[in-house]
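Below you'll find the structure, written out as structure tokens, and then a few comments.
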There are 2 protein chains.
Amino acid sequence: MDFEHADALNQAIRLLSLRHRARAASLLAPLGLHTGQEALLLELDRTGPMIQAQLSEALGCEPPSVTLMTRKLEAGGHIRRTPAPSDKRASIVELTDSGKALADQVKQLWCALAEETVGGLPAETVAELPGILKTLTDNVDTRRPTTQAAPARSSAVRSPSKAS
Amino acid sequence: MDFEHADALNQAIRLLSLRHRARAASLLAPLGLHTGQEALLLELDRTGPMIQAQLSEALGCEPPSVTLMTRKLEAGGHIRRTPAPSDKRASIVELTDSGKALADQVKQLWCALAEETVGGLPAETVAELPGILKTLTDNVDTRRPTTQAAPARSSAVRSPSKAS
DNA sequence: GCATAATAGTTATGTGCATAATCAATGTGT
DNA sequence: ACACATTGATTATGCACATAACTATTATGC
């Protein structure tokens, strides 16, 4: 691939990151949230109480990030952290009532943001977009076990990834 | 759009941002660069000397970010800042020889990253990907003042007023 | 000419994210 | 039983990004 195309792609991803994040920030600000925190609330709302290590895995960010985010959300009264009885190292994180209400509001914003984001695109493109983005993500994901240790270069490493 | 689909989309964009950035960081680290700095170098390499306000516009980030990034790149010897003769407020930013050499290395990495990113996708999808991403970006771009005279907005301009 | 607005840049501050180092608790091997 | 690695979480530090407030220069109105 020549540099022109490569740069167009990388730059497009970079700019989409910046703008989508900025737009999310402007929508979340009235709720007193910063970008990233909404993902934590939504994950707790979806999965229920869980320990920070699980949150770290689900959110795709590192434990120190989870520590800081949970601390701020706890200070805001949206989540509660209680020591896990079975493992004294871990703390169980769960939504408070305020957090649940907030998560519901976030859901609304999230739908509006998604619609705004894909506006003007054909429906079929919209339909396959999540899959495409996930493929891109997996391709550059250094966290996951890469699904193979083979020295295969630029071959289609389409693993039959079963849902985890 | 229901929440399931909306979240899949928003989350996919969020994760792609995180992973693509992380992957770029691991590639740029050996060059002594952090993500974001490469965009500045590439822009200077492409366009030539320019003032920070132009850089801010081209990179899509705010002037204070440019101030800090240019300061660090200048400390690293990759760029040079000279006061503009015509306007005493502005400073002209340009690549040093070291910066030009670095930009060339970045170009190589950039091609490798792009290829890695789109690995396993059909060629036609890859071809239209930059355009799709740009559409998404423009849809949520709060910087540029709409600029679209709405020539062919197919569906959903249903809420031109505030959505929330 | 001069007050005022607009622009280029910086500083201060706050956020999410990262890595590295550290501590406490839990596993595991011999 | 005990040394050792592993795991959950935190602290310290650094970066890119943001906004708000500020200085210095340039442009504009009267």
Side-chain angles (χ1 to χ4, degrees), chain A residues 14-29 31-41 50-76 81-93 141-143, chain B residues 14-29 31-41 50-76 81-93 141-143:
Chain A
R14 188 189 109 93
L15 266 187
L16 175 59
S17 303
L18 283 178
R19 295 288 152 261
H20 188 264
R21 187 183 185 84
R23 184 69 184 124
S26 73
L27 291 173
L28 292 170
L31 303 182
L33 291 176
H34 292 86
T35 44
Q37 299 180 341
E38 90 289 340
L40 204 159
L41 292 182
M50 55 206 300
I51 69 174
Q52 293 184 196
Q54 292 172 313
L55 268 176
S56 168
E57 176 65 27
L59 299 182
C61 58
E62 300 299 317
S65 303
V66 176
T67 293
L68 298 178
M69 290 166 65
T70 52
R71 180 180 300 165
K72 279 157 191 164
L73 286 172
E74 187 179 36
R81 290 196 295 175
T82 58
S86 59
D87 190 334
K88 290 191 187 112
R89 299 166 297 179
S91 49
I92 299 175
V93 184
D141 196 343
T142 52
R143 275 162 76 94
Chain B
R14 188 188 110 91
L15 266 188
L16 174 60
S17 304
L18 283 178
R19 295 287 152 262
H20 189 264
R21 187 183 185 83
R23 183 69 183 125
S26 73
L27 292 173
L28 293 170
L31 303 183
L33 291 177
H34 292 85
T35 45
Q37 300 181 339
E38 89 289 339
L40 205 159
L41 293 181
M50 54 207 298
I51 69 174
Q52 293 183 197
Q54 292 172 313
L55 268 175
S56 168
E57 176 64 26
L59 299 181
C61 58
E62 300 299 319
S65 303
V66 176
T67 293
L68 297 179
M69 289 166 64
T70 52
R71 180 180 300 167
K72 278 158 192 163
L73 286 172
E74 187 180 35
R81 290 197 296 175
T82 57
S86 60
D87 191 335
K88 288 188 189 121
R89 298 168 298 181
S91 50
I92 299 175
V93 185
D141 196 344
T142 51
R143 285 192 132 213

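Bear in mind the structure is a predicted one, so any value in this text is a computation, not a measurement. Chain A is the first sequence line, chain B the second, and so forth, proteins listed ahead of strands; every chain is numbered from 1.
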Taking a pair to mean Watson-Crick or G-U wobble geometry with both distances below 3.5 Å, D:dT19 pairs with C:dA12
What is the distance from atom NE2 of B:H20 to atom CG of A:D141, rounded to the nearest 0.5 Å? 12.5 Å
Would you check if the side chain of B:S65 reaches a backbone N or O of B:C61 as a donor-acceptor pair within less than 3.5 Å? no
Whole angstroms only, please: what is the CG-P distance between A:D87 and C:dA25? 10 Å
Which part of the nucleic acid does B:S91 contact within heavy-atom distance under 4.0 Å: base, sugar-phosphate only, or nothing? sugar-phosphate
Quick one: is B:Q52 getting a side-chain N or O under 4.0 Å of the C:dT7 phosphate, OP1 or OP2? no
For nucleotides 12-22 of chain C, just jot down a letter per nucleotide in 5' to 3' order: B, S or -, based on protein non-hydrogen atoms under 4.0 Å. ---SSBBBB--
Hey, which of these two, B:R89 or B:R71, hits DNA chain C nearer its 5' end, going by closest nucleotide? B:R89
Are there over 12 heavy-atom neighbours, none belonging to B:E74, within less than 6.0 Å of that residue's CD? yes
Sub-4.5 Å side-chain heavy-atom contact between B:S17 and A:L16: no
Nearest-Å distance for atom pair NZ/C1', residues A:K88 and C:dC23: 16 Å
So, does B:E57 use its side chain to make a donor-acceptor pair with the main chain of B:L55 at under 3.5 Å? no
Quick check: does any side chain N or O of A:R23 sit under 3.5 Å from a backbone N or O of A:L18, one acting as donor and the other as acceptor? no
Can you check whether A:Q52 reaches A:S91 side chain to side chain, under 4.5 Å on heavy atoms? yes
First-last contacting nucleotides on DNA chain D - partner chain A, under 4.0 angstrom, heavy atom: D:dT7 to D:dC17
Between B:T70 and B:R81, is any pair of side-chain heavy atoms under 4.5 Å apart? yes
